[in-house]
Amino acid sequence: MATTLKGSGVSPGTGYAAAHLLVGSIPEPPKGAVHDGDAGAEKARVQAALEEVAADLEARGERAGGEAAEVLSAQAMMARDPGLAEGVGELVDAGVSGERAVYEAFGAYRDLLAAAGGYLGERVADLDDIRDRAVARLTGAPMPGVPVDAAEPYILVARDLAPADTALLDRNLVAAFVTEEGGPTSHTAILARAMGVPAVVGCAGATALVQGTPLLVDGATGEVVIEPEPAAARAAVATARARAEALSGTTGPGATADGHPVPLLANVGGPKDLEAALANGAEGVGLYRTEFLFLDRADAPSEAEQQAAYRAVFDAFPGGRVVVRTLDAGADKPLAFLPPPGEEPNPALGERGLRMFRRYPDMMAAQLGALARAAEGTEAIPYVMAPMVATVAEAAWFADACHAAGLETAGIMIEVPSAALRARDLVKVVDFFSIGTNDLTQYAMAADRQIAGVSDLQDPWHPAVLDLIALAADAAGAAGKGCGVCGEAGADPVLACVLVGLGVTSLSMGAPALPWVRASLARHTLDQCRAAADAARSAPGASEAKEAARACLTGLGDLGL
């Protein structure tokens, strides 16, 4: 009889194939291993291996585009970190072999990151991946990662997936993936949704499966059926595909069944994401991440370079809204061309986002100037917003800077609980809100979104998070201003209805989620969405909120949700 594992469904769809367990660990180099006495040559060998790893990560990012490019660019920076290179060099000078020096130096740095916790703690898995790739190059061991020679579709099962692997999963071969760790807003989940791959994360017991075991994965419910009856599994996949094809029947601007408009926008990480956004019917851009221009380089991008990148997106949506998030650096996204801030025990709560801009106002002025010039002569409607805003004074300072630069519509992200709680004051000094549900959830619940041990708290369905969203949406609505959502919650076709019921005026998401959300909204009236929102907020917890909302949303069955 088939048995079932349960995790968090983070990317809708159904996959049926044999399990491929990703173990891929690189053996630890022997303790006490020494080199042949030429320390200079050994250090050069190590440096070449690390540079090859960094270049490979960057190339993967360029091929994948979007959010994957951001994640992999940051990981490449870690491979080139001068502090790590210095630690390796000292060990090699003491006679330690290159591969053992890499292992020990990375291990010491790993312990520091793990002890720091927060965003730095999240980088431990990335650091381990770099270490393993460098050791594999130095020893000639097989490179860790997903299968590259698979001839048949498979379901990738792992404890977790390194960004380099997730970014290059072949959608034609990977039927789904299942991880034992991770939460609904982890990097793995975000990239899975961006790719449109069915995925389940936080699935306890997944790595105990036997290689080759047939699995049926439901990326909506989070169920992983072990050894399902083949005919029933094939029927489930066929039904899911038919439902997915039916999504194409819902076209045009986003709206509820009774005609209440809800613009559906795309999250993009650069011009490379535009094709998918347009193909999936995006009405504009709800989150244009500009970090790709600034990360992994020794000098800040010129205003001309910035202007060209922004202009490409403005030109792609004539008459459409393009919401640009100003540089969100700091914490886990340091800039090589700026001095690091002082010691930050918890960088996630330190100088990041707008807080960094206040230290370097010239850099903000350059970005705002480039945006204003890029918008000149286009038919796009530019919106500009700042991340990590906590106070009215910060919001007013940013809005004034935008208006002075010639950008008429200036807003802020609501991702700090204080901003949601005082939204009625903040809305007086800005032109719009955009809710970043990923950070809002982790800050409201005090639950790092990369830590599986608190994944039950990393859930935007929690009524406390919904209350904060409602506060922001109510304040914006009372002032006659827009309040969108650009976090991953907007990509959930069920939660999207609840968000609309809370008063959210637009939704932005990874391009593959647009048809699902469009179809879900089209099957429910605004009153049904409001009833679902009220029911969810009245529930005691996240799971109860989801079930209460689903009971009000009777059209979900048509989509297999």
Side-chain angles (χ1 to χ4, degrees), residues 11-13 57-73 163-164 166-174 187 189-199 241 244-245 247-254 263-295 301 305-325 371 374-375 377-383 484 486-488 490-491 493 506-519:
S11 185
L57 292 169
E58 287 179 329
R60 288 167 178 256
E62 290 175 2
R63 286 165 55 194
E67 305 205 32
E70 292 183 39
V71 173
L72 291 171
S73 178
T166 314
L168 294 182
L169 287 173
D170 186 341
R171 184 63 184 87
N172 295 318
L173 286 176
V174 62
H187 276 153
I190 292 170
L191 294 174
R193 283 189 286 267
M195 295 162 50
V197 174
R241 287 176 177 165
E245 291 174 2
L247 297 180
S248 60
T250 306
T251 59
L264 300 182
L265 314 171
N267 294 345
V268 303
K272 291 182 179 180
D273 293 343
L274 292 176
E275 182 179 353
L278 292 167
N280 284 282
E283 298 170 54
V285 172
L287 173 62
Y288 184 14
R289 301 178 180 88
T290 58
E291 289 74 45
F292 76 99
L293 284 165
F294 294 82
L295 296 176
E305 182 181 351
Q306 292 189 57
Q307 186 176 336
Y310 305 147
R311 181 68 181 236
V313 179
F314 290 147
D315 285 342
F317 290 96
R321 182 187 320 174
V322 176
V323 184
V324 181
R325 182 180 70 190
L371 282 166
T378 73
E379 298 179 24
I381 306 170
Y383 286 53
C486 63
E488 287 300 307
S506 65
L507 298 168
S508 189
M509 64 209 72
L514 286 163
W516 288 90
V517 173
R518 184 182 295 111

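The first residue in the sequence is number 1, and the count goes up from there. In what follows, every heavy atom counts, from backbone to side chain, and hydrogens, waters and symmetry copies are set aside. Keep in mind it's a predicted model, so treat the numbers as computed, not measured.
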Original post:
For P512, what residues pass the side-chain contact (heavy atoms from CB on, under 4.5 Å) criterion, not counting sequence neighbours?
Top reply: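 side-chain contact (heavy atoms from CB on, under 4.5 Å) list for P512, sorted by chain: empty.
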
Original post:
Excluding sequence neighbours, so at least two apart, what forms side-chain contact (heavy atoms from CB on, under 4.5 Å) with F292?
Top reply: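 By the side-chain contact (heavy atoms from CB on, under 4.5 Å) rule, F292 matches P271, Y288, A309.
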
Just to verify, what does [X] make a side-chain hydrogen bond (donor to acceptor under 3.5 Å, both in side chains) with, not counting sequence neighbours?
X    : result
T290 : Q367
Y383 : none
E305 : R297

Subject >> Residues forming a salt bridge (charged side-chain N to carboxylate O under 4.0 Å, His left out) with R311, sequence neighbours excluded >> reply: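 Here the qualifying residues are D315.
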
If you look at every heavy atom in [X] and [Y], which pair is closest and at what distance?
X    : Y    : answer
P515 : A511 : CD-O, 3.7 Å
R321 : S506 : NH1-OG, 3.3 Å
F314 : L371 : CE1-O, 3.8 Å
L265 : V285 : CB-C, 3.8 Å
N280 : L514 : O-CB, 3.7 Å

Subject >> CZ-OG distance between F294 and S73, expressed to the nearest 0.5 angstrom >> reply: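 Reported to 0.5 Å precision, the distance equals 12.5 Å.
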
Subject >> Value rounded to 0.5 Å, distance of CG in L274 from CZ in F317 >> reply: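 Output value for this atom pair is 6.0 Å.
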
Under 3.5 Å: donor-acceptor pair, side chain of [X], backbone of [Y]:
X    : Y    : value
R518 : G252 : yes
Q306 : L293 : no
N267 : C486 : yes

